[in-house]
There are 2 protein chains.
Amino acid sequence: MELNERKQRILSAVIDIFIRTGEPVGSKALVGLLDNSVSSATIRNEMAELAAMGYLEQPHTSAGRIPTAIAFRLYIDKLMKRNELSEQDRRGIDGMLTHAADDPEKLIGTASQALAEETGCIAVTTTPTGKTADIRMIDVLRISSLSAALLLMSGSGLLRTKVCRFDRVISDNTLEMLSQQLNQNFCGCSLSDIGLPQIQGMVVSLGEHGLLCAPALNAFYQLVQESAEAEVLLTGQLNLLRHPDYEPERARDLLSFLAHRELLSGLLTAMPNGLRVVIGSESQRPELDGSSIIVTRYKLGGGPDGSIGIIGPLRMNYATEIPRIEYFAWSIGKILDEIMGENNGRIINEE
Amino acid sequence: MELNERKQRILSAVIDIFIRTGEPVGSKALVGLLDNSVSSATIRNEMAELAAMGYLEQPHTSAGRIPTAIAFRLYIDKLMKRNELSEQDRRGIDGMLTHAADDPEKLIGTASQALAEETGCIAVTTTPTGKTADIRMIDVLRISSLSAALLLMSGSGLLRTKVCRFDRVISDNTLEMLSQQLNQNFCGCSLSDIGLPQIQGMVVSLGEHGLLCAPALNAFYQLVQESAEAEVLLTGQLNLLRHPDYEPERARDLLSFLAHRELLSGLLTAMPNGLRVVIGSESQRPELDGSSIIVTRYKLGGGPDGSIGIIGPLRMNYATEIPRIEYFAWSIGKILDEIMGENNGRIINEE
DNA sequence: AGTTAGCACTCGGCAAGCCGGAGTGCTAAC
DNA sequence: GTTAGCACTCCGGCTTGCCGAGTGCTAACT
């Protein structure tokens, strides 16, 4: 059986209506959308064939048809007519993001919130991965005689701190030494290059201070790990509870699943570059059955760096939301490059 | 009508059962709990009087009775027998918190999570208020030729950063100057003492650099404001969706309300010191009808400083959870003092 | 006077049964 | 290949009836 023109038109129409109403689509409702060129009986025949081909299914006998995941796949890849953002919408996004753009994390946070609000879905974003980023600067700041804060600035604009506690009172001298050694050894290194061996090497090169500084080195290691890892941010979970497609139990299960950031993170990083739409069970995750994910990457300094997208019901308005997400990603990339400026990679450490 | 011994015992028993089962309590169920000393008919009579006095109510004729908010109030203030934590539980809490205690914010975060998990409610915590805390140190770190990060360390152990962007390329000299002036003017100041006038004064004292540094001063002002403000942290929202007492719609409404952090923050700071239980409508907030809040303050360096507590259904296990929350608060205070150490207030700025 | 057994009554919740409507598949005619 | 017509299916909402839990009241008992 072949997917001829008319079948495609019918399938498109079914998906359009289903996205709009969320209810099974019957043959009569389609007559008008096809210019009354055929009767409902003909459409019924076509729909039966589409069902046999796996594009449509019935919730039960004598109900209308709903599109399958395969149909959505085809729709997104071939049939859909993109609904580009208006100039006004774009300016709105640009303005808002530019306004919020101090540091990258805040920028991503604002974008996430806006995206969730505009789409009515859950927005999912990751902060820029630090993996490829280099360390620009390390600082050691005393808090009390027994504790100090480590500060790490990376090339991707991240600024992170971590507090560590020492076992014994530690002198200014030792801290000074620690700071120097850390900078000497690790400035310019890529975050992903720093592992336990390097840290252990530090214990040696610190000599007599080595043991004393162990907690700090440990904290530094953790700090590096945390900075290298992309943080997954979810916004708008409440949207899910309000959505008619999610009965409470399903919403709860999905939210429970999404609470496991490590799974989600894996899912996101496993994706190829460029825009990607995962429809329902395609993800191999039963919890995501009945939900779709649209994600893309935003870029920082040329390469893809973090993810931004939405998670919502199968019947999302792909034609509108895909361009929206693409625009968000583009805008974020642009602003990030602006923030990070031309000095990306140069190490400047004053004071 | 007087609340005699037997009425009190009956009321207590009704509340105990209701807390356990969540269902209206009938007269027969109470016979056993009162040592079979009276028959169900007698209990019925007493219950009718308790209902007339406003302590019990019926969801409908011919159903059992459920305790009113007034009954819970009485129960918590007078009737309840506290169910203290076991030595083992305490050690568990201590261990976990000590382990997680790098910086105050992380400590609070961990405590919040643990509390939510142990109680099955939403945990609500605030980070230490910086209001009374002094500024220990300010640092200015260059990011690019057009941007820099401000770092602020406060006496309450908070470490915050904020990135600012300049309009024009800014020299190392200017940044150096800015850093010096900021430290000179504000180190040792209490966070709440810094207002716009002081910031404006800075523009003058920076002379020719004043205008150039305006974005940084603006960022600094925001940084101070953010640091002074207690941040409200909610954990375990999913617990609400799982709880049988919350039908989905109510859960959603409550969560929507809780999303307004400013309202919640107001609610928390308006409370007197010491442990406080707000039962249902006592809060004057219709959204909190049917929910209870238990909060107390944890201390830092002698004075009360932040809040920790839970939000959940009316029928919480007060006898168990109140001691638990008190212990969490006590333990947090102890650990905070340990972290902050004896140097609280001393300004040490190396490098 | 306080307590208790007995009884009629009330009401929510559940299952069964009924019906209307929407939509289908099939057949026969165009 | 298309269409009208028709019998059929099944969901969803509605009504009905029944069961059980629990009450309030009354009359008898201690």
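Letters A, B, ... are given to chains in the order of the sequence lines, protein chains preceding strands, and every chain is numbered from 1.
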Nucleotide dT23(D), atom C1' - distance to CG of L50(B) in whole Å: 15 Å

Paired runs of 3 or more consecutive Watson-Crick or G-U pairs involving DNA chain C, with both pairing distances under 3.5 Å, are C:1-30 with D:1-30

What donor-acceptor contacts under 3.5 angstrom involve side-chain atoms of residues 233-243 of chain A, with partners at least two apart or in another chain?
residue: T235(A); atom: OG1; partner: S112(A); partner atom: OG; Å: 2.6
residue: N239(A); atom: ND2; partner: A116(A); partner atom: O; Å: 3.1
residue: N239(A); atom: ND2; partner: C121(A); partner atom: O; Å: 3.0
residue: R242(A); atom: NH1; partner: S256(B); partner atom: OG; Å: 3.4
residue: H243(A); atom: ND1; partner: D245(A); partner atom: N; Å: 2.9

With 3.5 Å as the limit, what N/O pairs link the protein to nucleotides 2-9 of chain C?
residue: dT3(C); atom: OP1; partner: R6(B); partner atom: NH1; Å: 3.0
residue: dT3(C); atom: OP2; partner: R6(B); partner atom: NH2; Å: 3.1
residue: dT4(C); atom: OP2; partner: S39(B); partner atom: N; Å: 2.9
residue: dT4(C); atom: OP2; partner: T42(B); partner atom: OG1; Å: 2.5
residue: dG6(C); atom: O6; partner: R44(B); partner atom: NH2; Å: 3.2

Set of residues satisfying side-chain contact (heavy atoms from CB on, under 4.5 Å) with respect to A63(A), sequence neighbours excluded: P59(A), H60(A)

Partner residues of E117(B) under the side-chain contact (heavy atoms from CB on, under 4.5 Å) criterion, sequence neighbours left out: none

For L11(B), is there any backbone N or O sitting under 3.5 Å from a side-chain donor or acceptor partner on Y75(B)? no

Kindly point out which of dT23(D), dG25(C), dC10(D) is positioned nearest to the side chain of H60(A)? dC10(D)

Taking only distance into account, with no hydrogens and no angle test, what donor-acceptor pairs under 3.5 Å do side-chain atoms of residues 264-281 of chain B form with protein atoms, sequence neighbours excluded?
residue: T269(B); atom: OG1; partner: S265(B); partner atom: O; Å: 2.9
residue: T269(B); atom: OG1; partner: G266(B); partner atom: O; Å: 3.3
residue: N273(B); atom: OD1; partner: R297(B); partner atom: NH1; Å: 3.0

Measure the shortest side-chain to side-chain distance between I310(A) and R324(A) over non-hydrogen atoms and say whether it is less than 4.5 angstrom. no

DNA chain D contacts made by residues 24-32 of chain A, counting heavy atoms under 4.0 Å: none

Rounded to whole angstrom units, what separation is found between the CD1 atom of I17(A) and the C1' atom of dG23(C)? 14 Å

Pairwise ring-ring contact (aromatic ring centres under 6.0 Å, His included) hits with a residue in residues 14-37 of chain A, at least two apart: none

Kindly write out the residues that satisfy side-chain contact (heavy atoms from CB on, under 4.5 Å) with Q88(B), not counting sequence neighbours, or none if the list is empty. S86(B)

Contacts of type side-chain contact (heavy atoms from CB on, under 4.5 Å), residue Q58(B), not counting sequence neighbours: R65(B)

Starting from P on dA21(D), measure out to CD on Q58(B) and report it in whole angstrom. 17 Å

In a table with atom names and distances, give each donor-acceptor pair under 3.5 Å that connects a side chain of residues 21-33 of chain B to protein atoms at least two apart or in another chain.
residue: T21(B); atom: OG1; partner: I17(B); partner atom: O; Å: 3.1
residue: T21(B); atom: OG1; partner: E23(B); partner atom: N; Å: 3.1
residue: S27(B); atom: OG; partner: R44(B); partner atom: NH1; Å: 3.4

Any side-chain to backbone donor/acceptor pair from T296(B) onto E326(B)? Under 3.5 Å, distance only. no

Check nucleotides 27-29 of chain D against the protein and report each pair of N or O atoms closer than 3.5 Å, with its distance, or say if there are none.
none

Can you tell me if CD on E5(A) sees more than 12 non-hydrogen neighbours from other groups inside 6.0 Å? no

Measure from CD on E23(B) to C1' on dG22(D) and round the result to the nearest Å. 13 Å

In whole Å, I'd like the distance from the CZ atom of R65(A) to the P atom of dG23(C). 12 Å

If I take atom CD in residue E49(B) and atom C1' in nucleotide dT23(D), what distance separates them, rounded to the nearest angstrom? 15 Å

Between atom CD in E57(B) and atom P in dC11(C), what is the gap in whole Å? 17 Å

According to the interplanar angle, ranging from 0 to 90°, do the rings of Y318(B) and F72(B) count as parallel (below 30°), tilted (30 to 60°) or perpendicular (above 60°)? tilted

